[in-house]
Amino acid sequence: MNRRRFFSSASLGGGVLLVQPQLLANIPNKSPKLSPNPNPLPIAISTWNNIKASKTSGDSLERGEDALTSAIDGVAVEEANLTNRTVGNGGAPDRSGTVTLDACVMDSTGNCGSVMAVENIVHVASLARDVMEKTPHVILAGNGARKFAIQQGYTAVDLLTTQSRELWLEWLRNQEYKPVINAGNHDTIGMLCIDKSGNIAGACTTSGLAYKMEGRVGDSPIIGSGLFVDNEIGAAVATGVGEEVIKTVGSFLIVELIRQGASPQQACQTAIQRIIKNRKKLDFQVGFLAINKQGEIGSYSIQKGFTYALYRNGETKEFNSKSAY
Ligand code: SD4
(Lines give C-alpha, C1' and ligand atoms only; values in the text may rest on other atoms or scores of the structure.)
Protein backbone atom coordinates (compact mmCIF):
# COMPACT_ATOMS: atom_id res chain seq x y z
CA MET A 1 0.00 0.00 0.00
CA ASN A 2 1.48 3.42 -0.97
CA ARG A 3 1.56 6.32 1.45
CA ARG A 4 -1.36 8.16 -0.17
CA ARG A 5 -3.65 5.06 -0.22
CA PHE A 6 -2.74 4.30 3.42
CA PHE A 7 -3.82 7.78 4.56
CA SER A 8 -7.03 7.69 2.57
CA SER A 9 -8.08 4.29 4.05
CA ALA A 10 -6.99 5.41 7.55
CA SER A 11 -9.19 8.50 7.30
CA LEU A 12 -12.09 6.34 6.07
CA GLY A 13 -11.65 4.11 9.13
CA GLY A 14 -11.50 7.20 11.31
CA GLY A 15 -14.77 8.37 9.73
CA VAL A 16 -16.48 5.12 10.73
CA LEU A 17 -15.18 5.46 14.26
CA LEU A 18 -16.52 8.99 14.49
CA VAL A 19 -19.98 7.92 13.31
CA GLN A 20 -20.46 5.10 15.82
CA PRO A 21 -20.70 7.16 19.03
CA GLN A 22 -23.24 9.44 17.31
CA LEU A 23 -25.37 6.42 16.46
CA LEU A 24 -25.14 5.23 20.03
CA ALA A 25 -26.13 8.66 21.30
CA ASN A 26 -29.45 8.31 19.44
CA ILE A 27 -30.43 5.19 21.40
CA PRO A 28 -32.66 6.41 24.25
CA ASN A 29 -31.16 5.75 27.64
CA LYS A 30 -34.01 4.34 29.68
CA SER A 31 -32.03 3.87 32.89
CA PRO A 32 -33.78 5.66 35.75
CA LYS A 33 -32.05 8.81 36.98
CA LEU A 34 -30.65 7.86 40.33
CA SER A 35 -30.94 10.53 43.00
CA PRO A 36 -28.83 10.37 46.17
CA ASN A 37 -30.03 7.58 48.42
CA PRO A 38 -32.87 8.85 50.67
CA ASN A 39 -32.99 5.51 52.50
CA PRO A 40 -30.32 5.03 55.13
CA LEU A 41 -27.79 2.29 54.45
CA PRO A 42 -27.18 -0.51 55.05
CA ILE A 43 -30.31 -2.51 54.23
CA ALA A 44 -31.05 -6.24 54.43
CA ILE A 45 -34.34 -7.78 53.29
CA SER A 46 -35.33 -11.40 53.19
CA THR A 47 -38.35 -13.36 52.05
CA TRP A 48 -40.89 -14.51 54.67
CA ASN A 49 -40.70 -14.02 58.42
CA ASN A 50 -36.97 -14.59 58.62
CA ILE A 51 -36.41 -11.86 61.21
CA LYS A 52 -33.36 -13.50 62.75
CA ALA A 53 -31.71 -13.95 59.37
CA SER A 54 -32.33 -10.34 58.28
CA LYS A 55 -31.03 -9.10 61.62
CA THR A 56 -27.92 -11.24 61.23
CA SER A 57 -27.32 -9.78 57.75
CA GLY A 58 -28.00 -6.29 59.15
CA ASP A 59 -25.49 -6.79 61.98
CA SER A 60 -22.92 -8.03 59.49
CA LEU A 61 -23.48 -4.98 57.28
CA GLU A 62 -23.18 -2.66 60.30
CA ARG A 63 -19.82 -4.25 61.13
CA GLY A 64 -18.71 -3.16 57.67
CA GLU A 65 -18.97 -6.48 55.86
CA ASP A 66 -19.74 -6.31 52.15
CA ALA A 67 -23.22 -7.06 50.79
CA LEU A 68 -22.42 -10.61 49.63
CA THR A 69 -20.79 -11.74 52.88
CA SER A 70 -23.70 -10.25 54.83
CA ALA A 71 -26.37 -11.91 52.67
CA ILE A 72 -24.67 -15.29 53.13
CA ASP A 73 -24.28 -14.72 56.91
CA GLY A 74 -28.02 -14.09 57.18
CA VAL A 75 -29.26 -17.06 55.16
CA ALA A 76 -26.84 -19.34 57.07
CA VAL A 77 -29.11 -18.85 60.12
CA GLU A 78 -32.00 -20.56 58.34
CA GLU A 79 -29.76 -23.17 56.70
CA ALA A 80 -28.79 -24.27 60.23
CA ASN A 81 -32.33 -23.96 61.65
CA LEU A 82 -33.60 -27.53 62.10
CA THR A 83 -37.21 -26.38 62.42
CA ASN A 84 -37.25 -24.71 59.01
CA ARG A 85 -38.52 -27.48 56.73
CA THR A 86 -37.78 -25.68 53.48
CA VAL A 87 -34.16 -24.61 53.90
CA GLY A 88 -30.90 -26.39 54.75
CA ASN A 89 -30.57 -28.90 57.57
CA GLY A 90 -33.99 -30.33 58.48
CA GLY A 91 -35.43 -29.45 55.07
CA ALA A 92 -38.11 -31.73 53.64
CA PRO A 93 -36.74 -34.57 51.51
CA ASP A 94 -37.68 -35.61 48.00
CA ARG A 95 -40.02 -38.59 47.40
CA SER A 96 -37.22 -41.07 48.01
CA GLY A 97 -36.46 -39.57 51.42
CA THR A 98 -33.28 -37.75 50.38
CA VAL A 99 -32.78 -34.08 51.28
CA THR A 100 -31.23 -32.16 48.38
CA LEU A 101 -30.43 -28.46 48.60
CA ASP A 102 -30.26 -25.68 45.98
CA ALA A 103 -28.64 -22.24 46.35
CA CYS A 104 -27.12 -19.38 44.45
CA VAL A 105 -25.38 -16.07 45.13
CA MET A 106 -24.71 -12.98 43.03
CA ASP A 107 -22.37 -10.14 43.89
CA SER A 108 -22.17 -6.48 42.99
CA THR A 109 -19.75 -7.07 40.11
CA GLY A 110 -22.22 -9.32 38.28
CA ASN A 111 -20.38 -12.46 39.31
CA CYS A 112 -22.45 -15.45 40.43
CA GLY A 113 -22.29 -19.02 41.67
CA SER A 114 -24.79 -21.82 42.14
CA VAL A 115 -25.17 -25.34 43.50
CA MET A 116 -28.02 -27.69 42.70
CA ALA A 117 -29.35 -30.91 44.24
CA VAL A 118 -26.58 -31.11 46.84
CA GLU A 119 -26.76 -33.77 49.55
CA ASN A 120 -25.20 -33.67 53.04
CA ILE A 121 -24.00 -30.06 53.05
CA VAL A 122 -25.75 -27.48 55.27
CA HIS A 123 -24.37 -24.13 54.12
CA VAL A 124 -25.01 -24.30 50.41
CA ALA A 125 -25.15 -20.51 49.85
CA SER A 126 -21.59 -20.30 51.10
CA LEU A 127 -20.77 -23.28 48.85
CA ALA A 128 -22.27 -21.38 45.88
CA ARG A 129 -19.89 -18.53 46.71
CA ASP A 130 -16.98 -20.99 46.70
CA VAL A 131 -18.05 -22.23 43.27
CA MET A 132 -18.05 -18.60 42.10
CA GLU A 133 -14.69 -17.70 43.63
CA LYS A 134 -12.68 -20.92 43.53
CA THR A 135 -13.71 -22.66 40.30
CA PRO A 136 -13.86 -21.55 36.65
CA HIS A 137 -17.58 -22.45 36.66
CA VAL A 138 -20.90 -20.93 37.70
CA ILE A 139 -22.87 -24.09 38.59
CA LEU A 140 -21.97 -27.39 40.25
CA ALA A 141 -24.68 -30.02 40.66
CA GLY A 142 -25.25 -33.20 42.63
CA ASN A 143 -22.35 -35.36 43.65
CA GLY A 144 -19.81 -33.02 42.06
CA ALA A 145 -21.01 -30.16 44.24
CA ARG A 146 -20.90 -32.39 47.31
CA LYS A 147 -17.37 -33.60 46.55
CA PHE A 148 -16.22 -30.02 45.95
CA ALA A 149 -17.72 -29.01 49.31
CA ILE A 150 -15.84 -31.74 51.14
CA GLN A 151 -12.58 -30.74 49.40
CA GLN A 152 -13.23 -27.21 50.63
CA GLY A 153 -13.56 -28.44 54.23
CA TYR A 154 -17.36 -28.56 54.64
CA THR A 155 -18.57 -31.31 56.98
CA ALA A 156 -20.88 -33.96 55.52
CA VAL A 157 -24.01 -34.42 57.67
CA ASP A 158 -27.32 -36.27 57.41
CA LEU A 159 -29.80 -33.48 56.59
CA LEU A 160 -32.89 -35.61 57.30
CA THR A 161 -33.98 -34.92 60.87
CA THR A 162 -36.17 -37.35 62.81
CA GLN A 163 -39.14 -35.04 62.43
CA SER A 164 -38.67 -34.48 58.69
CA ARG A 165 -38.41 -38.25 58.30
CA GLU A 166 -41.65 -38.79 60.25
CA LEU A 167 -43.47 -36.23 58.10
CA TRP A 168 -42.14 -37.87 54.94
CA LEU A 169 -43.27 -41.34 56.13
CA GLU A 170 -46.70 -39.87 56.81
CA TRP A 171 -46.74 -38.33 53.31
CA LEU A 172 -45.82 -41.70 51.79
CA ARG A 173 -49.16 -43.13 52.95
CA ASN A 174 -51.13 -41.05 50.43
CA GLN A 175 -48.31 -39.67 48.29
CA GLU A 176 -50.37 -36.63 47.49
CA TYR A 177 -48.20 -34.03 45.83
CA LYS A 178 -49.45 -30.61 46.81
CA PRO A 179 -46.74 -28.07 47.44
CA VAL A 180 -47.98 -25.87 50.28
CA ILE A 181 -46.12 -22.60 50.49
CA ASN A 182 -46.98 -20.10 53.18
CA ALA A 183 -45.53 -17.99 55.94
CA GLY A 184 -46.13 -20.68 58.55
CA ASN A 185 -43.83 -23.00 56.67
CA HIS A 186 -41.05 -20.37 56.65
CA ASP A 187 -40.13 -21.28 53.09
CA THR A 188 -37.16 -20.51 50.88
CA ILE A 189 -34.99 -17.67 52.01
CA GLY A 190 -33.82 -15.06 49.53
CA MET A 191 -31.75 -12.24 51.03
CA LEU A 192 -30.88 -8.93 49.36
CA CYS A 193 -28.35 -6.57 50.96
CA ILE A 194 -27.10 -3.08 50.25
CA ASP A 195 -23.89 -2.42 52.14
CA LYS A 196 -22.51 0.81 53.55
CA SER A 197 -20.79 1.56 50.24
CA GLY A 198 -24.11 1.22 48.42
CA ASN A 199 -23.23 -2.06 46.72
CA ILE A 200 -25.91 -4.71 46.23
CA ALA A 201 -25.64 -8.51 46.47
CA GLY A 202 -27.94 -11.42 47.23
CA ALA A 203 -28.26 -15.07 48.18
CA CYS A 204 -31.06 -17.61 47.78
CA THR A 205 -31.15 -21.04 49.46
CA THR A 206 -33.74 -23.82 49.75
CA SER A 207 -34.45 -27.52 50.08
CA GLY A 208 -36.97 -27.01 47.27
CA LEU A 209 -40.52 -28.25 47.18
CA ALA A 210 -41.29 -30.94 49.76
CA TYR A 211 -41.50 -34.46 48.27
CA LYS A 212 -40.36 -33.28 44.85
CA MET A 213 -39.34 -35.89 42.28
CA GLU A 214 -35.80 -37.17 42.63
CA GLY A 215 -33.48 -34.88 40.68
CA ARG A 216 -35.95 -31.98 40.54
CA VAL A 217 -34.35 -28.52 40.71
CA GLY A 218 -36.41 -25.36 41.18
CA ASP A 219 -35.81 -21.69 40.50
CA SER A 220 -33.79 -20.92 43.62
CA PRO A 221 -30.31 -21.85 42.28
CA ILE A 222 -31.01 -20.48 38.78
CA ILE A 223 -29.52 -17.04 38.24
CA GLY A 224 -32.20 -14.75 36.80
CA SER A 225 -35.06 -16.89 38.12
CA GLY A 226 -34.58 -17.28 41.88
CA LEU A 227 -32.18 -14.32 42.17
CA PHE A 228 -30.76 -11.52 40.08
CA VAL A 229 -28.56 -8.57 41.02
CA ASP A 230 -27.43 -5.63 38.91
CA ASN A 231 -25.48 -3.25 41.08
CA GLU A 232 -26.38 -0.24 38.92
CA ILE A 233 -30.11 -0.94 39.10
CA GLY A 234 -31.29 -3.25 41.89
CA ALA A 235 -31.98 -6.87 42.77
CA ALA A 236 -34.82 -9.35 43.10
CA VAL A 237 -35.50 -12.76 44.67
CA ALA A 238 -38.31 -15.25 44.29
CA THR A 239 -40.10 -17.79 46.44
CA GLY A 240 -42.90 -20.22 45.73
CA VAL A 241 -43.43 -22.78 43.00
CA GLY A 242 -40.15 -22.58 41.18
CA GLU A 243 -41.43 -24.01 37.90
CA GLU A 244 -43.58 -20.90 37.43
CA VAL A 245 -40.70 -18.55 38.26
CA ILE A 246 -38.38 -20.30 35.80
CA LYS A 247 -40.92 -20.01 32.96
CA THR A 248 -40.92 -16.21 33.27
CA VAL A 249 -37.29 -15.71 34.42
CA GLY A 250 -38.88 -13.70 37.21
CA SER A 251 -35.98 -12.03 39.04
CA PHE A 252 -34.21 -10.95 35.86
CA LEU A 253 -37.50 -9.60 34.52
CA ILE A 254 -37.99 -7.49 37.65
CA VAL A 255 -34.50 -5.96 37.53
CA GLU A 256 -34.92 -5.16 33.83
CA LEU A 257 -38.29 -3.50 34.50
CA ILE A 258 -36.63 -1.38 37.20
CA ARG A 259 -33.93 -0.46 34.67
CA GLN A 260 -36.68 0.79 32.36
CA GLY A 261 -38.11 3.04 35.04
CA ALA A 262 -40.50 0.86 37.07
CA SER A 263 -40.47 1.06 40.86
CA PRO A 264 -39.60 -2.22 42.62
CA GLN A 265 -43.29 -2.52 43.58
CA GLN A 266 -44.51 -2.06 39.98
CA ALA A 267 -41.87 -4.47 38.73
CA CYS A 268 -42.88 -7.22 41.20
CA GLN A 269 -46.54 -6.77 40.27
CA THR A 270 -45.81 -7.00 36.55
CA ALA A 271 -43.76 -10.17 37.08
CA ILE A 272 -46.64 -11.77 39.01
CA GLN A 273 -49.13 -10.70 36.32
CA ARG A 274 -46.88 -12.35 33.72
CA ILE A 275 -47.25 -15.66 35.60
CA ILE A 276 -50.99 -15.26 36.21
CA LYS A 277 -51.91 -14.50 32.61
CA ASN A 278 -50.72 -17.89 31.40
CA ARG A 279 -52.41 -20.00 34.09
CA LYS A 280 -56.07 -21.00 34.30
CA LYS A 281 -55.73 -22.58 37.73
CA LEU A 282 -54.00 -20.45 40.33
CA ASP A 283 -53.73 -22.90 43.19
CA PHE A 284 -50.10 -22.14 43.88
CA GLN A 285 -48.01 -19.37 45.40
CA VAL A 286 -45.20 -17.25 43.98
CA GLY A 287 -43.80 -14.20 45.76
CA PHE A 288 -41.20 -11.69 44.61
CA LEU A 289 -39.14 -9.27 46.66
CA ALA A 290 -37.09 -6.48 45.05
CA ILE A 291 -34.96 -3.51 45.93
CA ASN A 292 -33.56 -0.72 43.78
CA LYS A 293 -30.29 1.18 44.04
CA GLN A 294 -31.98 3.90 46.12
CA GLY A 295 -33.11 1.34 48.70
CA GLU A 296 -36.78 1.37 47.69
CA ILE A 297 -38.48 -1.97 48.28
CA GLY A 298 -41.21 -3.81 46.41
CA SER A 299 -42.95 -7.13 47.05
CA TYR A 300 -45.92 -8.91 45.53
CA SER A 301 -47.34 -12.42 45.51
CA ILE A 302 -50.15 -14.36 43.88
CA GLN A 303 -51.83 -15.42 47.13
CA LYS A 304 -52.13 -13.64 50.45
CA GLY A 305 -49.68 -14.50 53.20
CA PHE A 306 -46.33 -13.59 51.69
CA THR A 307 -44.22 -11.46 54.03
CA TYR A 308 -40.69 -10.11 54.16
CA ALA A 309 -38.29 -9.16 56.95
CA LEU A 310 -36.53 -5.81 56.61
CA TYR A 311 -33.47 -4.67 58.52
CA ARG A 312 -32.88 -0.91 58.33
CA ASN A 313 -31.76 1.72 60.83
CA GLY A 314 -30.96 -0.81 63.56
CA GLU A 315 -34.44 -2.36 63.46
CA THR A 316 -35.78 -5.57 61.91
CA LYS A 317 -39.50 -5.81 61.15
CA GLU A 318 -41.80 -8.11 59.27
CA PHE A 319 -44.06 -6.59 56.58
CA ASN A 320 -47.04 -8.04 54.73
CA SER A 321 -46.76 -8.15 51.00
CA LYS A 322 -49.56 -7.07 48.70
CA SER A 323 -51.02 -9.85 46.62
CA ALA A 324 -53.11 -10.39 43.50
CA TYR A 325 -55.74 -12.46 45.41
C1 SD4 B 1 -38.49 -24.17 44.65
N2 SD4 B 1 -38.84 -21.83 44.96
O3 SD4 B 1 -37.70 -25.08 44.82
C4 SD4 B 1 -38.49 -23.03 45.63
C5 SD4 B 1 -39.41 -23.38 46.77
C6 SD4 B 1 -39.80 -22.24 47.64
O7 SD4 B 1 -40.71 -21.38 49.44
O8 SD4 B 1 -39.59 -21.10 47.35
N9 SD4 B 1 -40.38 -22.46 48.74
O10 SD4 B 1 -39.32 -24.16 43.75
Side-chain angles (χ1 to χ4, degrees), residues 45-50 53-54 75 77-79 81 83-95 98-106 114-119 124-125 128 139 141-142 145 159 164 167 177-192 202-228 236-254 268 271-272 275 279 283-290 299-309 318 321 323:
I45 43 167
S46 65
T47 51
W48 305 105
N49 54 343
N50 290 305
S54 286
V75 299
V77 171
E78 288 307 315
E79 288 174 333
N81 176 0
T83 65
N84 186 335
R85 308 237 172 278
T86 45
V87 179
N89 206 354
D94 65 17
R95 291 168 192 200
T98 309
V99 181
T100 59
L101 305 183
D102 299 331
C104 74
V105 298
M106 192 156 184
S114 157
V115 290
M116 299 177 176
V118 191
E119 291 176 40
V124 278
I139 304 171
L159 300 173
S164 292
L167 290 169
Y177 187 52
K178 267 195 201 156
V180 180
I181 294 175
N182 59 48
N185 287 351
H186 289 270
D187 295 288
T188 295
I189 180 162
M191 181 78 73
L192 305 175
C204 187
T205 177
T206 189
S207 53
L209 297 181
Y211 319 128
K212 59 195 176 186
M213 288 177 72
E214 248 183 294
R216 181 264 185 192
V217 171
D219 60 315
S220 306
I222 298 179
I223 299 294
S225 292
L227 169 73
F228 195 72
V237 278
T239 177
V241 176
E243 282 73 4
E244 297 300 327
V245 179
I246 292 170
K247 288 172 199 167
T248 50
V249 200
S251 294
F252 181 73
L253 172 63
I254 289 169
C268 288
I272 288 290
I275 293 173
R279 297 286 157 260
D283 56 351
F284 60 89
Q285 175 68 305
V286 170
F288 288 114
L289 182 61
S299 75
Y300 203 65
S301 56
I302 298 177
Q303 321 286 350
K304 282 195 184 66
F306 178 46
T307 64
Y308 63 90
E318 187 184 3
S321 176
S323 62

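The figures that follow rest on heavy atoms only: side chains count, while hydrogens, waters and symmetry mates do not. In listed order, ligands and their atoms are each counted from 1. The chain is numbered in sequence order, starting from 1.
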Is the side chain of Ser114 donor-acceptor paired with the backbone N or O of Pro221 at a distance under 3.5 Å, no angle test? yes
When only distance counts, is Arg216 in polar contact with ligand 1, meaning an N/O pair under 3.5 Å? yes
Under 3.5 Å, N or O to N or O, is Val241 touching ligand 1 that way? no
Is there a donor in the side chain of Thr86 and an acceptor in the side chain of Asn84, or the other way round, less than 3.5 Å apart? yes
Ignoring angles and geometry beyond distance, decide whether Thr239 reaches within less than 3.5 Å of ligand 1 through its nitrogen or oxygen atoms. yes
For the pair Gln303 (side chain) and Phe284 (backbone), establish whether a donor and an acceptor sit closer than 3.5 Å, ignoring hydrogens and angles. yes
Is the closest N or O pair between Gly218 and ligand 1 shorter than 3.5 Å? no
Which of the atoms of ligand 1 are close to Gly208, meaning less than 4.0 Å from one of its heavy atoms? 3 (O)
Mind running side chain to side chain donor-acceptor pair (under 3.5 Å) on Ser301 and Ser323 for me, showing each step along the way? CA-CA 5 Å; Ser301 56; Ser323 62; 4.6 Å; no
Counting only heavy atoms, which portion of Glu244 has something under 4.0 Å from ligand 1: side chain, backbone, both, or neither? neither
Run the numbers for me: atoms of ligand 1, each under 4.0 Å from some heavy atom of Ser220, listed by number. 2 (N), 4 (C)
If we number the atoms of ligand 1 from 1 as shown, the ones under 4.0 Å from a heavy atom of Asp219 are 1 (C), 2 (N), 4 (C), 10 (O)
Member of Glu214, Lys212, Glu119, Arg216 meeting the side chain to side chain donor-acceptor pair (under 3.5 Å) criterion with Thr100: Lys212
Does any N/O atom on Thr188 come nearer than 3.5 Å to any N/O atom on ligand 1? yes
For the CG atom of Asn49 and the OG atom of Ser54, what is their distance to the nearest 0.5 Å? 10.0 Å
Tell me, do Leu289 and Trp48 make a side-chain contact under 4.5 Å, heavy atoms counted? no
Measure from the side-chain N and O atoms of Ser220 to the backbone N and O of Ala103, and report whether any donor-acceptor pair falls under 3.5 Å. no
Compare Gly240, Ser225, Gly287, Gly242 and give the one whose heavy atom is closest to atom 4 (C) of ligand 1. Gly240
Within the 4.0 Å heavy-atom shell around Leu209, which atoms of ligand 1 are there? 3 (O), 5 (C), 10 (O)
